[in-house]
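Beneath this line is the structure, given in structure tokens, with notes to follow.
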Amino acid sequence: MKLIVAVVQDKDSNRLSNALVERDFQATKLASTGGFLKAGSTTFLIGIKDEETDAVLEIIKNHCKSRDQLVAPVSPMGGNADSYVPYPVEVQVGGATVFIMDVERFEKF
Amino acid sequence: MKLIVAVVQDKDSNRLSNALVERDFQATKLASTGGFLKAGSTTFLIGIKDEETDAVLEIIKNHCKSRDQLVAPVSPMGGNADSYVPYPVEVQVGGATVFIMDVERFEKF
Amino acid sequence: MKLIVAVVQDKDSNRLSNALVERDFQATKLASTGGFLKAGSTTFLIGIKDEETDAVLEIIKNHCKSRDQLVAPVSPMGGNADSYVPYPVEVQVGGATVFIMDVERFEKF
Ligand code: NI
Ligand code: NI
Ligand code: NI
């Protein structure tokens with residue numbers, strides 16, 4: 001038995017939840033802030049059998065991998081027009097930081 | 001030293017907290033959502049000595065065990081009267097998913 | 001690789017965050033309640049290389065150590081004047097409860 005602790009961006013959190021449920025993996029989500037990722041993040045706790053590790057890592061990678069995304073420009077509110085960029089810019093989104101921990105004993109009541 | 005990670009239903013969370021405090025076990029509660037349990041859940045982190053494991057598991061089991069409960073019918077708000085059940089129904093509540101992890105080193109400052 | 005799980009008082013949380021960032025340690029913060037510490041607490045998850053353990057523990061200790069603080073008296077609202085203390089009192093603030101856990105495998109996507 002393993003406990004996967006995965007920190008992912010909020011924007012990928014629902015897609016990851018759904019993908020895990022679809023494959024019958026049970027996860028608990030903790031609201032987390034700052035840290036490993038710049039934007040708001042969600043910390044997943046996923047309890048799995050040892051032999052499921054690679055399948056779950058694959059799901060996390062497929063739904064949360066760091067990637068570039070074009071973001072439409074937002075007109076500056078309340079001044080600071082100097083920093084206004086009038087065309088879409090590429091920003092990095094997503095990303096997952098994943099710790100696989102050994103579980104000594106597991107109980108369900 | 002062990003770290004117990006226990007995911008329980010919100011409705012059992014206070015009873016478990018109180019029971020742990022009564023026995024002088026120190027726990028930290030994290031608000032968690034979805035996942036192992038259908039309703040809102042609370043994740044407990046409980047640091048214990050190895051030999052206290054069974055006592056703490058017993059407390060968790062006694063206060064959070066999955067059980068059936070009679071729920072009074074609620075009159076349907078805003079239509080959907082078709083699904084209205086005019087007598088109490090039995091639903092499963094509670095339940096705990098518990099991971100016991102080994103702690104390599106413990107410090108208190 | 002280790003995962004440090006550190007529960008600290010909310011009031012020390014920002015100072016600890018900043019100190020970790022300054023030293024390029026990546027942490028995720030989880031809002032937590034009650035438990036190990038009387039006041040509101042924040043749980044830090046900090047992923048580190050084995051050889052960084054002592055450096056991170058030192059940072060936690062330096063920014064969160066339990067200490068005495070003088071607190072100005074607050075005039076009692078709505079009665080209970082009996083318990084009013086008209087001079088500053090020393091209270092214990094801060095403190096950190098730290099678990100160092102072994103990480104079996106680490107992935108970044
Ligand atoms: Ni998908
Ligand atoms: Ni009780
Ligand atoms: Ni400092």
Side-chain angles (χ1 to χ4, degrees), chain A residues 1-36 40-53 55-56 59-60 63-64 96-109, chain B residues 1-13 15-16 19 28-68 92-104:
Chain A
M1 184 104 205
K2 305 285 173 223
L3 181 64
I4 292 187
V5 178
V7 184
V8 309
Q9 266 198 6
D10 280 346
K11 72 177 319 170
D12 292 335
S13 163
N14 277 339
R15 293 167 62 230
L16 178 56
S17 276
N18 293 340
L20 290 167
V21 166
E22 242 172 63
R23 297 279 296 275
D24 274 329
F25 290 114
Q26 295 200 297
T28 289
K29 287 193 275 182
L30 307 169
S32 48
T33 58
F36 296 115
S41 64
T42 301
T43 298
F44 282 74
L45 303 180
I46 315 167
I48 54 166
K49 291 184 203 122
D50 293 24
E51 60 272 25
E52 297 170 329
T53 307
V56 171
I59 294 174
I60 296 173
H63 291 86
C64 306
T97 301
V98 188
F99 304 94
I100 296 111
M101 324 279 295
D102 193 51
V103 174
E104 211 174 78
R105 189 173 156 192
F106 173 73
E107 298 287 343
K108 213 174 167 99
F109 299 124
Chain B
M1 183 106 204
K2 305 285 172 222
L3 182 64
I4 291 188
V5 179
V7 184
V8 310
Q9 267 199 5
D10 280 346
K11 72 176 318 170
D12 291 336
S13 164
R15 292 168 62 231
L16 178 55
T28 289
K29 287 193 276 182
L30 307 169
S32 48
T33 58
F36 296 114
L37 305 159
K38 273 130 219 158
S41 63
T42 302
T43 298
F44 281 75
L45 303 180
I46 315 166
I48 53 164
K49 290 184 204 121
D50 293 23
E51 61 271 25
E52 297 169 328
T53 307
D54 287 323
V56 171
L57 289 176
E58 197 65 25
I59 295 175
I60 297 173
K61 189 171 149 190
N62 286 344
H63 292 86
C64 307
K65 211 169 76 174
S66 178
R67 68 250 179 215
D68 288 329
Q92 208 184 42
V93 297
T97 301
V98 188
F99 305 94
I100 297 112
M101 324 279 296
D102 193 52
V103 174
E104 212 174 77

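Basis for what follows: all heavy atoms, side chains included, without hydrogens, waters or symmetry-related copies. Order of the sequence lines sets the chain letters (A, B, ...), proteins ahead of strands, with each chain counted from 1.
Under the rule for a side-chain hydrogen bond (donor to acceptor under 3.5 Å, both in side chains), B:K49 has no partner lying at least two apart in sequence or in another chain.
Here the closest non-hydrogen pair linking B:A31 and A:L30 is O-CD2, 3.8 Å.
At a 4.5 Å heavy-atom cutoff, the contact between B:L57 and chain A is made by backbone and side-chain atoms alike. If you measure heavy-atom distances from B:T43 to chain A, the contacts under 4.5 Å come from the side chain alone.
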I'd like a table of donor-acceptor pairs (distance under 3.5 Å, sequence neighbours excluded) in which one partner is a side-chain atom from residues 98-106 of chain A, with atom names and distances.
| residue | atom | partner | partner atom | Å |
| --- | --- | --- | --- | --- |
| A:D102 | OD1 | A:K2 | NZ | 2.8 |
| A:E104 | OE1 | B:K2 | NZ | 3.0 |
| A:E104 | OE2 | B:K2 | NZ | 3.1 |
| A:R105 | NE | A:E107 | OE2 | 3.1 |
| A:R105 | NH1 | B:D54 | OD1 | 3.2 |
| A:R105 | NH2 | A:E107 | OE2 | 3.3 |
| A:R105 | NH2 | B:D54 | OD1 | 3.4 |

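Among B:V8, B:I60, B:T97, the one residue that satisfies the side chain to side chain contact (heavy atoms under 4.5 Å, CB included) test with A:F109 is B:I60.
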